[in-house]
Amino acid sequence: WKTYRAQVTHSASLSDMSNTFSHDLKFVRKDASAPKEPQVQLGHGSDLEFLMQTPIFESTPSHTLLHLINCLRRRTYPQEAHVYEQGETGKSLFIIQEGVCAIKVHKDNQTHQVSRLKHGDVFGELGVLTGEERSEFAVAETDMTVWELRQADFDQVALKHPDLRI
């Protein structure tokens with residue numbers, strides 16, 4: 001925790017980990033080599049509980065978990081907003097906290113729905129891992145609240161914790 005400073009207004013211990021994670025706090029990095037943005041602010045205890053229960057973080061080694069959570073940015077998208085477009089370079093992954101997202105592809109002058117994602121689902125992860133162009137586009141079917149992890153932030157954490165890429 002040497003590289004972090006935080007103001008804690010509420011904390012809770014997670015039974016399966018020896019660390020105490022805090023709710024309603026803002027982490028501020030001191031380490032100049034760490035990514036400067038974003039500084040995540042978890043607004044409610046339920047935000048942290050939600051993130052800890054998503055499959056992507058359930059399988060994340062505990063020594064890297066705080067580093068990744070600190071890189072997340074909360075985003076909201078209104079109904080029918082495009083989260084990303086087919087053909088653009090993948091630079092972020094998203095975790096849906098609220099709402100529904102449709103994953104679609106344009107092919108042969110038609111649009112085809114590939115999947116429908118909801119609470120707890122992760123999408124766009126290949127873009128973070130490979131940096132390749134998106135083969136689909138994502139559109140909010142309802143108003144959505146998501147957590148975004150940018151590739152640049154993931155790469156910074158993965159440099160110090162290579163087991164993330166396994």
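Keep in mind that what you see is a predicted model, and the values were worked out from it rather than measured. What you see below is based on every heavy atom in this structure, not just the backbone, and it leaves out hydrogens, waters and symmetry mates.
The cluster map of Ile, Leu, Val, Met, Phe, Trp and Tyr, joined by side-chain heavy atoms under 4.5 Å apart, puts Met52 and Phe94 in different clusters. The same ILVMFWY cluster, assembled from side-chain heavy atoms under 4.5 Å apart, contains both Val157 and Leu48. A continuous path of ILVMFWY side-chain contacts below 4.5 Å connects Trp147 to Phe154, so both sit in one hydrophobic cluster. A continuous path of Ile, Leu, Val, Met, Phe, Trp and Tyr side chains, each step under 4.5 Å between heavy atoms, connects Leu72 with Val128, placing both in one hydrophobic cluster. At a threshold of 4.5 Å between side-chain heavy atoms, the hydrophobic network of Ile, Leu, Val, Met, Phe, Trp and Tyr places Phe57 and Ile96 in two separate groups.
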**Asked** Passes salt bridge (charged side-chain N to carboxylate O under 4.0 Å, His left out), Asp47 versus Arg74? Steps please.
**Response** CA-CA 10 Å; Asp47 290 341; Arg74 185 186 193 113; 2.8 Å; yes
**Step-by-step side-chain contact (heavy atoms from CB on, under 4.5 Å) determination, Arg75 to Tyr77** = CA-CA 7 Å; Arg75 299 262 189 198; Tyr77 292 92; 3.8 Å; yes
**Request:** Could you go through the side-chain contact (heavy atoms from CB on, under 4.5 Å) check for Glu136 and His106 one step at a time?
**Result:** CA-CA 7 Å; Glu136 76 288 333; His106 295 297; over 6 Å; no
**Request:** Determine, step by step, whether Glu141 and Gln113 satisfy the side-chain contact (heavy atoms from CB on, under 4.5 Å) criterion, reporting the C-alpha distance in whole Å, the side-chain angles of both residues, the deciding distance to 0.1 Å, and the verdict.
**Result:** CA-CA 12 Å; Glu141 283 192 356; Gln113 184 164 320; 3.6 Å; yes
**Request:** List the steps, then state whether side-chain contact (heavy atoms from CB on, under 4.5 Å) holds for Lys104 with Val139.
**Result:** CA-CA 8 Å; Lys104 300 180 178 186; Val139 62; 4.0 Å; yes
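Each of Gln156, Gln151, Arg150 was evaluated against Asp153; a single residue qualifies, Arg150, per the side-chain contact (heavy atoms from CB on, under 4.5 Å) test. Each of Val83, Leu117, Asp121 was evaluated against Ile103; a single residue qualifies, Leu117, per the side-chain contact (heavy atoms from CB on, under 4.5 Å) test.
In this structure, Leu129 CG and Asp155 CG are separated by 9.0 Å, a value rounded to the nearest 0.5 Å. How far CE of Met144 is from OG1 of Thr142: 7.0 Å, rounded to the nearest 0.5 Å.
With hydrogens and angles ignored, the 3.5 Å screen pairs no side-chain donor or acceptor of Thr54 with any backbone N or O of Gly120. At distances below 3.5 Å, not a single donor-acceptor pair connects side-chain atoms of Arg134 with backbone N or O atoms of Thr89. Looking at Thr64, its side chain never comes within 3.5 Å of a backbone N or O of Thr60 through a donor-acceptor pair.
In plain terms, the two heavy atoms of Cys101 and Phe123 that are nearest each other are SG-CZ, 3.9 Å. Residues Ser46 and Gln97 come closest through the heavy atom pair O-NE2, 4.3 Å. Taking all atoms of both residues into account, the shortest heavy-atom contact from His112 to Gln110 is CE1-OE1, 3.3 Å. Heavy-atom minimum distance, Gln86 versus Val105: OE1-CA, 3.3 Å.
Side-chain contact check for Leu93 versus Val122: some heavy-atom pair is nearer than 4.5 Å.
Classification of the His161-His67 ring pair by plane angle, with boundaries at 30° and 60°, yields tilted.
Aromatic pair Phe50/His119: centroids less than 6.0 angstrom apart.
Within 6.0 Å of CD on Gln79 lie more than 12 heavy atoms contributed by other residues, nucleotides or ligands.
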